[in-house]
Amino acid sequence: DENRRSLRPRRQHEQRDYNMTSAADTNQREMGDGEENEDEDGRKVSVAGFTRDGRHVIAGLTNRAICLWRWHPAGEDESDIVRDTPEAKPIELLQSQHNSDVYLLQQSNTGDFIATGSRDGIVCLWKRGKGGHHRRLVPLDTWKCFAKFDAPPEEEDLTRSRRRKGPPPRVDQIAWNADDSVVLASVQNFHVLVYSVHDDKVVRDLSGVHEEPIHIVLGHPIEPEIAVTASYSGDVAVWNIKTGEALKVFYSVDTRPDGRKWPDSIAYVDGYISHDGQSVALTDAAGQLHVIGIGEPDSLSSRAPYDQFM
């Protein structure tokens, strides 16, 4: 049991750069381990994936840019699509909205919006529209930044900034809710901001549960008012994002099979919510898989029986 104490993963945005490759057509987090990819111009790719319709490849770069490539299928047969490749040069280059490298990308459920996050503490929202034609006379979808927000500094940070300006609070994860009406963003001060697309402002601040970085933020796939977060402090919270209430909190110290508690919490590092929204699968820093049953949105059940995979 002593070997399980103080298990903490390396914090992905503090001690090194991570190669975060993910599909932008899913609502799961982008985390990964490895070296970043570098193109011939010296720009590095921090995150990349397909758009929801599968017709574009989108990537965030360390030079603050966002590149979009069009994927040209070879034919109608799906087997042909797999063998084809995107064009060498991007059809769009989105610039100047972030002040640091772009390492978070999340496309909305409808595919009409993209949220990007950066080390500068800013979340940008991009909207797709029609804008001319590609050189092959293919209609081109242009992406324009229509909104952005950041984490307001806490009182302690304001006091410190009067003496010396410090770095902005880092964005650790972003996610859309089920109907794309809000974007959730976890920030460096262990808060989760709820930004309303319609109202163009942060409407809720989910806090008081997590005490370490939050790299798992999941919108419920069916219920727009429900979200799940998990952190390095070993706790999982199910939130009503409309009211800001934590409906249920699960703790990793309670997952010991013999009914006793672990001597210390175990950091959660990865997670995914099921398509029906009734269970959440999480992995921790000890290499275990936790399956938590959250049930229907209006009748949250207790956790599922504990299991582990080493």
Side-chain angles (χ1 to χ4, degrees), residues 22-31 49-54 104-115 117 123 125 172-186 191-198 203-210 214-231 234-252 254-255 268-284 288-309:
S22 69
D25 61 342
T26 67
N27 65 353
Q28 70 183 80
R29 87 294 162 270
E30 299 95 1
M31 288 183 61
F50 285 103
T51 53
R52 180 168 291 277
D53 59 12
L104 294 172
L105 283 172
Q106 283 289 356
Q107 191 170 25
S108 65
N109 297 287
T110 62
D112 294 330
F113 307 103
I114 289 177
V123 176
L125 304 184
D172 286 333
Q173 195 52 266
I174 51 180
W176 293 87
N177 72 332
D179 62 4
D180 297 336
S181 61
V182 304
V183 176
L184 299 105
S186 64
H191 291 220
V192 178
L193 305 179
V194 181
Y195 174 85
S196 170
V197 176
H198 179 266
V203 294
R204 291 286 180 274
D205 183 343
L206 310 180
S207 60
V209 174
H210 304 301
I214 307 163
H215 290 293
I216 303 171
V217 180
L218 307 168
H220 194 282
I222 300 172
E223 177 52 59
E225 297 180 0
I226 302 297
V228 179
T229 59
S231 76
D235 31 51
V236 183
V238 183
W239 301 89
N240 183 324
I241 60 179
K242 185 176 182 179
T243 64
E245 175 189 4
L247 303 175
K248 190 86 172 181
V249 181
F250 305 91
Y251 300 96
S252 60
D254 297 327
T255 60
Y268 288 115
V269 297
D270 197 1
Y272 190 80
I273 190 168
S274 63
H275 290 295
D276 61 6
Q278 296 196 28
S279 62
V280 177
L282 300 150
T283 54
D284 64 25
Q288 302 174 114
L289 172 68
H290 304 252
V291 179
I292 299 175
I294 60 176
E296 298 291 341
D298 50 355
S299 59
L300 295 173
S301 64
S302 61
R303 67 176 177 87
Y306 173 80
D307 203 352
Q308 67 180 20
F309 299 84

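This chain uses plain numbering: 1 for the first residue, then up along the sequence.
Residues A230 and Y268 share a closest heavy-atom pair of CB-CB, 4.1 Å. When all heavy atoms of L282 and G271 are compared, the pair lying nearest together is CD2-CA, 3.8 Å. Summarising the geometry of V228 relative to V236, their closest heavy-atom pair is CG1-CG1, 3.8 Å, with the distance given to 0.1 Å. Here the shortest heavy-atom pairing between V209 and A237 reads CG1-CB, 4.0 Å. Annotation for V269 and I216: closest pair C-CD1, 3.8 Å, computed over non-hydrogen atoms. Here the closest non-hydrogen pair linking N240 and K242 is OD1-N, 2.9 Å.
In this structure, CG on L206 lies 9.0 Å from OG1 on T243, to the nearest 0.5 angstrom. Residue L289 holds its CG atom at 7.0 Å from OG1 of T283, rounded to the nearest 0.5 Å. With values rounded to the nearest 0.5 angstrom, T255 atom OG1 is found 7.0 Å from D284 atom CG. The structure places CG of L184 at 5.0 Å from CD1 of I241, a figure rounded to the nearest 0.5 Å. Here the CD1 atom belonging to I226 is positioned 12.0 Å from the CH2 atom belonging to W239, to the nearest 0.5 angstrom. For the atom pair CD of Q106 and CG of L125, the computed distance is 12.0 Å after rounding to the nearest 0.5 Å.
A donor-acceptor pair under 3.5 Å links the side-chain atoms of Q107 to the main chain of R52, judged by distance alone. Between the side chain of N177 and the backbone N or O of V182 there is at least one donor-acceptor pair closer than 3.5 Å. The backbone N or O of S279 lies less than 3.5 Å from a partner atom in the side chain of S274, making a donor-acceptor pair. When atom types are taken as modelled, the side chain of E223 and the backbone of E225 share a donor-acceptor pair closer than 3.5 angstrom. Counting only distance, with no hydrogens or angles, the side chain of S231 and the backbone of I214 share no donor-acceptor pair below 3.5 Å.
In this structure the side chain of D235 never reaches within 4.5 angstrom of the side chain of S252, judged on heavy atoms. L193 is not listed as a side-chain neighbour of V203, based on a closest heavy-atom distance of 4.5 Å or more. K248 is not listed as a side-chain neighbour of I294, based on a closest heavy-atom distance of 4.5 Å or more.
Between the side chains of S186 and D172, no donor N or O sits under 3.5 Å from an acceptor N or O.
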